[in-house]
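Read through the structure below, which is laid out as structure tokens, and then see the notes.
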Amino acid sequence: MNIVSKQNNDPSLDSFAPTSERITELSLYPYIQQFLNQSERFSAISQISTSTGIPDLIIHIDGTKILSEVKIDSEPKVQEALTQAIDRLQSAGTNFFIVLGYPHDVRALPPIDKVVQEVALKKPLTAIILTPWLRGRFSNQSLEQVRSRILDAIDLYESRKAPIVDYETVVDVAKESIIEISSFLRIHAGLTETIASTFIGRFDLFQSFMSESTDIRSLGAESKALIADLVAYMLVNQLLFYHVMCKAEGLPPLPDTSPISPPSDLLTLLESRIGLAVEASYKLIFKHPVLEVLRRIKDQRILFSLGRLIYVIKSLEPEHVTVDLLGRLYHDTIPEVTRKRMGAFYTSPKAAAFLATLVVDSWRDRIIDYASGSGTLLRACYNREAKLYEEETGSRFTPSMHRSIVENQLHGIDVMRFAQHMLSVNLSMGMVGVPVKRVNAHYANSLQVIQEGKTERNILTHSESGTTIPSDLDLAIINPPFTLWERLPKDERVWLTAAFKAGGMNYWAYFMLSAERILRKGGILAAVLPDDFFRGNLAMNVRRSLIGDGKFTLRYVVRSLKDVAFSERAAFRDYLVVFTKEPPKDCLLYTSPSPRDRTRP
């Protein structure tokens, strides 16, 4: 261990003498320095900054040089802190830094020794930590907790050989970038119906899914904001995915860029990287021409936004996040206003994992989600099958099994184009760096696919959309749109009435009635359903078709006791409901340890 020697009587502490009648950054430094030096692994010395006149601390931890600064009055953000510190980092000859941000009310306290020491060591602060062992932004931490967190991360690093990266910090960075890039798109990109169609698909259906009555066909301010948010989200998602997978694929990393002087050809450099990713079997993730839309922005500040984002991504190293990073990113980064306007109530990851555990009990299951949305349900099924494979075979989950499950066993359909991107990212992240020949993420109206498709040898083909899926699947798992009948486009209502010989029901009902055509005998239908399913005349046809006519047996109904709904950010009650495609036996409601007989016909 290389420990830099400490000065027990550091004369530089004299430079920290209080110079005002209130607590300042200068007041806090000697107590922070003395506290850190109490640990044998820390060595903190002061250095006066010539640019600001405010001293920086130079900290050596196990021999690694780290620049540290103290701020009062601010809640430091990662992108802002990195950008502001880049010159000082270069001058200090290090890439690592720690920012300690104390709250504004510190200024009101008297600058007497006992009070200042209490503030320095005990006052909750916000710390931005970028070290070899720990990376992230941590709020409501005392200095003692910050030091302990770093020391714990060092101990873990010895076994992990990788830093601990805070997921919430990556989310915050992504959110900041989505909001900033979206603002440029709204103002400068000249968003048109053609651009919107490229990322969304059918305007009228998309409008019906929105929880407000904005007419997207007119592409007014609200609609442009919504499209801009989606495009910005996809850009951030693409950059994060490329960064995570490029090393495993042997592809060049994201371009080196400075947040204060990005290269003028940055978009061209990014296009070359994305071209390589498409060639490496990630077409559905990168097919949407996000960078083409960004080229419409003439304001060069967009390059600085991209430069900051790329610089922070490479500095944080989000590939070391231990949770399902990109699988959860949609749920945590799309701006709340956009989610509300879209009515985008996707299944929460916890509810998806629970439902998958309930209904997937073989790694051989062939599964479809025909309203796949963000892909959360199918990713939960993938995780469940991977776990069952290891439990049943006693072998580790291998790249070949990853390919087999993604290419052959999981199928998703959605009427929104961007759902292809989200599902492909979700499933590809199951094993980073293992490309697959195909991800079965289809852009189509799944109801039309199922009702109009021709079945031959257990394969259902819908020639108009080019969609092909098995017709004898083991499991259909779905969180269908709860769109009201009167909000659906007129042509969709006409088609539904003719195809199902029943009109007037809310949209989710038709998804339930479609399941019979794609499930084998004994197959499972698992759905997130609204309270309407259990009451009212409008859903009577669904209940009669599924249960009353003896086609399905109701197995489970699960209601959340903690949250109102299993769908994220939804204010309405919903349920997890599970059926088996077989007639009831002794009674209507029947339960057993396993939801179906696993023996295939």
Side-chain angles (χ1 to χ4, degrees), residues 77-80 82-84 86-87 172-201 203 206 214-243 252-278 285-315 329 333-335 337-338 341-342 417-418 421:
K77 302 290 186 181
V78 174
Q79 292 196 62
E80 179 184 9
L82 262 174
T83 301
Q84 292 176 351
I86 188 168
D87 286 337
D172 288 344
V173 168
K175 276 183 179 178
E176 291 174 29
S177 295
I178 288 170
I179 292 171
E180 186 174 14
I181 293 168
S182 176
S183 67
F184 283 110
L185 289 167
R186 298 178 200 189
I187 298 170
H188 301 290
L191 297 174
T192 64
E193 289 188 12
T194 301
I195 292 174
S197 177
T198 301
F199 292 92
I200 293 172
F203 289 161
F206 185 71
T214 301
D215 186 356
I216 192 169
R217 288 168 292 186
S218 67
L219 284 186
E222 289 187 354
S223 299
K224 287 182 178 179
L226 186 149
I227 296 165
D229 285 348
L230 288 175
V231 173
Y233 159 77
M234 292 183 70
L235 170 66
V236 172
N237 220 25
Q238 286 180 350
L239 294 179
L240 279 168
F241 182 85
Y242 185 91
H243 173 81
L254 289 171
D256 288 329
T257 181
S258 165
I260 57 177
S261 58
S264 59
D265 62 345
L266 181 56
L267 290 178
T268 300
L269 294 172
L270 289 175
E271 285 171 340
S272 69
R273 303 300 198 274
I274 286 178
L276 295 173
V278 170
I285 295 173
F286 294 98
K287 67 177 289 189
H288 298 87
V290 176
L291 295 178
E292 287 184 22
V293 178
L294 259 61
R295 285 195 177 277
R296 301 168 66 93
I297 300 174
K298 303 307 179 184
D299 190 330
Q300 292 301 298
R301 288 179 297 174
I302 187 65
L303 296 180
F304 287 85
S305 295
L306 285 174
R308 281 194 299 273
L309 174 60
I310 293 170
Y311 183 77
V312 173
I313 287 175
K314 297 179 77 168
S315 298
L329 205 60
T333 59
I334 285 288
V337 173
T338 293
R341 283 204 301 267
M342 288 178 61
R417 290 187 187 275
F418 58 83
H421 165 86

[Y] and [X], any side-chain heavy atoms less than 4.5 Å apart:
X: Leu82; Y: Ser315; result: yes
X: Leu294; Y: Leu185; result: yes
X: Leu270; Y: Leu254; result: yes
X: Ile285; Y: Tyr242; result: no

Practice task
Could you give me the CA-CA distance, side-chain angles and deciding distance for Ile195 and Val293, then say whether side chain to side chain contact (heavy atoms under 4.5 Å, CB included) is met?
Solution key: CA-CA 8 Å; Ile195 292 174; Val293 178; 4.1 Å; yes
Looking only at heavy atoms, which two atoms of [X] and [Y] are closest? And how far apart?
X: Ala232; Y: Ser182; value: CB-N, 3.8 Å
X: Phe418; Y: Met234; value: CB-SD, 4.0 Å
X: Ser272; Y: Leu269; value: OG-O, 2.6 Å
X: Thr198; Y: Arg417; value: O-CD, 3.1 Å

For [X], side-chain contact (heavy atoms from CB on, under 4.5 Å) partners two or more places apart:
X: Gln84; result: Lys71, Glu80
X: Ile260; result: Thr83, Ile86, Asp87, Ser258
X: Glu292; result: Pro289

Spacing of [atom1] belonging to [X] relative to [atom2] belonging to [Y], to within rounding of 0.5 Å:
X: Leu291; Y: Thr268; atom1: CG; atom2: OG1; answer: 9.5 Å
X: Leu226; Y: Arg186; atom1: CG; atom2: CZ; answer: 9.0 Å
X: Ile181; Y: Tyr233; atom1: CD1; atom2: OH; answer: 13.5 Å
X: Phe184; Y: Gln300; atom1: CZ; atom2: CD; answer: 10.0 Å

Practice task
List for me each residue that meets side-chain hydrogen bond (donor to acceptor under 3.5 Å, both in side chains) alongside His288, sequence neighbours excluded, and say none if there are none.
Solution key: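 With sequence neighbours excluded, His288 shows a side-chain hydrogen bond (donor to acceptor under 3.5 Å, both in side chains) to no residue whatsoever.
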Practice task
Please identify each residue that fulfils side-chain hydrogen bond (donor to acceptor under 3.5 Å, both in side chains) with Ser177, with sequence neighbours left out.
Solution key: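 Expected list: Gln79.
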Practice task
Kindly say whether Thr194 contributes a backbone atom to a donor-acceptor pair with the side chain of Ser197 at under 3.5 angstrom?
Solution key: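 No.
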Which atom pairs, one a donor and one an acceptor, fall under 3.5 Å between side chains of residues 303-312 and the rest of the protein, sequence neighbours left out?
residue : atom : partner : partner atom : Å
Ser305  : OG   : Glu180  : OE2          : 3.0
Arg308  : NH2  : Glu180  : OE1          : 3.2
Arg308  : NH2  : Glu180  : OE2          : 2.4

Practice task
Mind checking salt bridge (charged side-chain N to carboxylate O under 4.0 Å, His left out) for Lys314 and listing every partner two or more places apart, or none if nothing turns up?
Solution key: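 For Lys314 the salt bridge (charged side-chain N to carboxylate O under 4.0 Å, His left out) partners, ignoring immediate neighbours, are Asp256.
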Exercise for the section: Tell me, please, which residues at least two apart from Arg301 pass salt bridge (charged side-chain N to carboxylate O under 4.0 Å, His left out). Expected result: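 Residues passing salt bridge (charged side-chain N to carboxylate O under 4.0 Å, His left out) with Arg301: Asp299.
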Practice task
Among residues two or more places apart or on two chains, list those pairs meeting salt bridge (Lys or Arg N to Asp or Glu O under 4.0 Å) that have a residue in residues 265-275.
Solution key: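 Applying salt bridge (Lys or Arg N to Asp or Glu O under 4.0 Å) to every pair that reaches into residues 265-275, excluding sequence neighbours, yields Glu271-Arg295.
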